[in-house]
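Worth saying up front: this structure is predicted, and the values here are computed from it rather than measured.
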Amino acid sequence: MITVLAGGVGGSKFIRGLTNQVPPSSIVAVVNIGDDDEFYGLHVSPDLDTVTYVLAGLDNNVTGWGVKDETYNALSMVKRLGDAAWFTLGDRDLGTHLYRTKRLKEGAQLSEVTREISKAHNIEVDVLPFTDSSVRTMILGKEISDTKPTVEFDVQRLFSFQEYFVKHHHQIEISSIYYEGADRAILNPEVAEALASCKKVLVAPSNPLLSIGPMLAIPRLKELLIQRRRDTIAVSPIVQGEAVKGPLQDILRDLYGDTSAVSVAKFYQPYVGTFVVDSKDSCLVKEIEALDMNCVVFDTLMTDKEAEAKLAGAVVEL
Ligand code: FO1
């Protein structure tokens, strides 16, 4: 059995690649929920949905999120009624949020609902949120003026993940990131079991701070991962100092002043025994090995399904 820690798009592609290399039922996908939010009273779990839609063959490869062949009639009506509707929810996607919210209100846990959704889409991979507790990624923006910070000012600088990512198009200089609720959150017992008993732990080429960070903020998960360090392999989401997707490059620059794969390796150092860098970054191998990590080189860009499968196959063989 293989456990994969994953976020949205990069994580989904990597898991889809893995399903071409090992039996899908032998994969446990531990997925980020730090991006979850509530819109119009509905619980939206972007990363869980991206993984599910990709594995179900329902993903929208134009937007990278949501469902293919989508329409937006419900949202057009919301806009007509005067709401800014900055978070684009498609009609088919709304069906998932309606179902999830109804089941959560009935008292079901998020992991239970996620399994129901997977089953309905005939997904054999065990897709699980890392916790059924609420963990929310919060972004503290840097001061935009010389004004002495006040409490009110501080509140204005604090953004929920989706406010930062979608409403402000991740154009906010980050001062720090924190994971609200992580200190009280209970690690999903099935995730703990998977981490303890699997043959290998893989960390997908997802954003380390936004997608994997919320998981690492759970003390029990951190502890289990440290115990499995020798069997844990992470794939770099950075190639030649540039993020494959999303704001990672800006975040690494804001927080660490270095956007190379080395800063990602340093972040994963306590948990990861083997770090995979792209062939274009082979010059970094020595620097990463000096961190007491094995460093291997592959083509990491998942440009199509063949490339996804090739990368996943190479990682599984390690
Ligand atoms: N990303 C956007 O950039 N704009 C959107 O309007 C948007 C809507 C959306 C709706 C449902 C969903 O599951 C994801 C959505 N995303 C949207 C993606 C999402 O904000 C991020 O990609 C993930 O949270 C990061 O992994």
Side-chain angles (χ1 to χ4, degrees), residues 7-12 31-51 53 59-67 70-98 100-101 129 134-145 147 149-182 206-214 217 237 243-255:
V9 179
S12 312
V31 178
N32 175 41
I33 56 133
D35 302 3
D36 286 22
D37 214 327
E38 200 175 295
F39 293 97
Y40 313 107
L42 301 177
H43 184 114
V44 180
S45 296
D47 285 355
L48 281 173
D49 289 344
T50 301
V51 171
Y53 293 150
D59 54 304
N60 184 331
N61 56 20
V62 179
T63 55
W65 40 267
V67 185
E70 189 57 288
T71 53
Y72 299 91
N73 296 312
L75 206 71
S76 307
M77 185 59 96
V78 174
K79 281 186 184 161
R80 189 166 166 174
L81 299 177
D83 191 275
W86 53 265
F87 197 73
T88 309
L89 295 167
D91 298 330
R92 299 179 81 192
D93 192 28
L94 272 166
T96 303
H97 313 316
L98 286 167
R100 176 187 296 117
T101 308
S134 168
V135 175
R136 296 289 171 268
T137 301
M138 303 296 292
I139 309 290
L140 189 65
K142 281 208 173 119
E143 285 165 42
I144 335 138
S145 76
T147 322
T150 61
V151 172
E152 201 185 333
F153 192 82
D154 279 346
V155 169
Q156 284 174 18
R157 289 193 293 140
L158 191 62
F159 303 91
S160 70
F161 176 83
Q162 297 301 346
E163 280 176 325
Y164 156 76
F165 196 86
V166 176
K167 193 174 177 187
H168 296 284
H169 312 284
H170 42 80
Q171 295 305 309
I172 291 165
E173 211 181 326
I174 295 185
S175 158
S176 64
I177 299 173
Y178 84 99
Y179 310 104
E180 195 178 83
S206 298
N207 187 313
L209 290 134
L210 298 180
S211 302
I212 310 298
V244 176
K245 196 183 171 294
L248 176 59
Q249 196 180 333
D250 295 336
I251 297 174
L252 291 175
R253 192 196 48 239
D254 291 351
L255 298 181

Test side chain to side chain contact (heavy atoms under 4.5 Å, CB included) applied to Phe159 and Ile172, step by step: CA-CA 10 Å; Phe159 303 91; Ile172 291 165; 3.6 Å; yes
Nearest heavy-atom neighbours spanning Ala243 and Leu248: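 For Ala243 versus Leu248, the nearest heavy atoms are CB-CB, 3.8 Å.
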Minimum heavy-atom distance between Ala182 and Val135, given as atom pair plus value: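 So the two residues come closest at CA-CG2, 4.0 Å.
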Sub-4.5 Å side-chain heavy-atom contact between Met138 and Tyr179: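 Of all side-chain heavy-atom pairs linking Tyr179 with Met138, none is under 4.5 Å.
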Only counting residues at least two apart or in another chain, list the ones meeting side chain to side chain donor-acceptor pair (under 3.5 Å) with [X].
X: Asn207; value: none
X: Arg92; value: none
X: Gln162; value: none
X: Ser76; value: none

Partners meeting ring pair (Phe, Tyr, Trp, His ring centres under 6.0 Å) with Phe87 (sequence neighbours left out):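 Testing Phe87 for ring pair (Phe, Tyr, Trp, His ring centres under 6.0 Å), a comparison that skips the adjacent residues, returns Phe39.
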Residues which pass ring pair (Phe, Tyr, Trp, His ring centres under 6.0 Å) with His170, listed by chain and number, not counting sequence neighbours: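 His170: ring pair (Phe, Tyr, Trp, His ring centres under 6.0 Å) contacts with Phe165.
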Between the main-chain N or O of [Y] and the side-chain N or O of [X], is there a donor-acceptor pair closer than 3.5 Å?
X: Arg157; Y: Leu140; value: no
X: Asn32; Y: Gly7; value: no
X: Glu163; Y: Phe161; value: no
X: Thr137; Y: Asp35; value: no
X: Arg136; Y: Asp36; value: yes

Residue list, side chain to side chain contact (heavy atoms under 4.5 Å, CB included) with Thr71, at least two apart or on another chain: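 Result, side chain to side chain contact (heavy atoms under 4.5 Å, CB included) vs Thr71: Asn73, Asp91.
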Which residues share a side chain to side chain contact (heavy atoms under 4.5 Å, CB included) with Ile174, sequence neighbours left out: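 Ile174 satisfies side chain to side chain contact (heavy atoms under 4.5 Å, CB included) with Ile139, Tyr164, Ile177, Ile251, Asp254, Leu255 once adjacent residues are dropped.
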For the atom pair [atom1] ([X]) and [atom2] ([Y]), what is the distance rounded to the nearest 0.5 Å?
X: Arg80; Y: Met77; atom1: CZ; atom2: CE; result: 5.5 Å
X: Ile33; Y: Ser211; atom1: CD1; atom2: OG; result: 12.5 Å
X: Leu42; Y: Leu98; atom1: CG; atom2: CG; result: 5.0 Å

Under the salt bridge (Lys or Arg N to Asp or Glu O under 4.0 Å) rule, collect the residues that match up with [X], sequence neighbours excluded.
X: Asp83; result: none
X: Asp49; result: Arg100
X: Glu38; result: none

Pairwise salt bridge (charged side-chain N to carboxylate O under 4.0 Å, His left out) hits with a residue in residues 171-182, at least two apart: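 Salt bridge (charged side-chain N to carboxylate O under 4.0 Å, His left out) check on residues 171-182 returns Lys142-Glu173.
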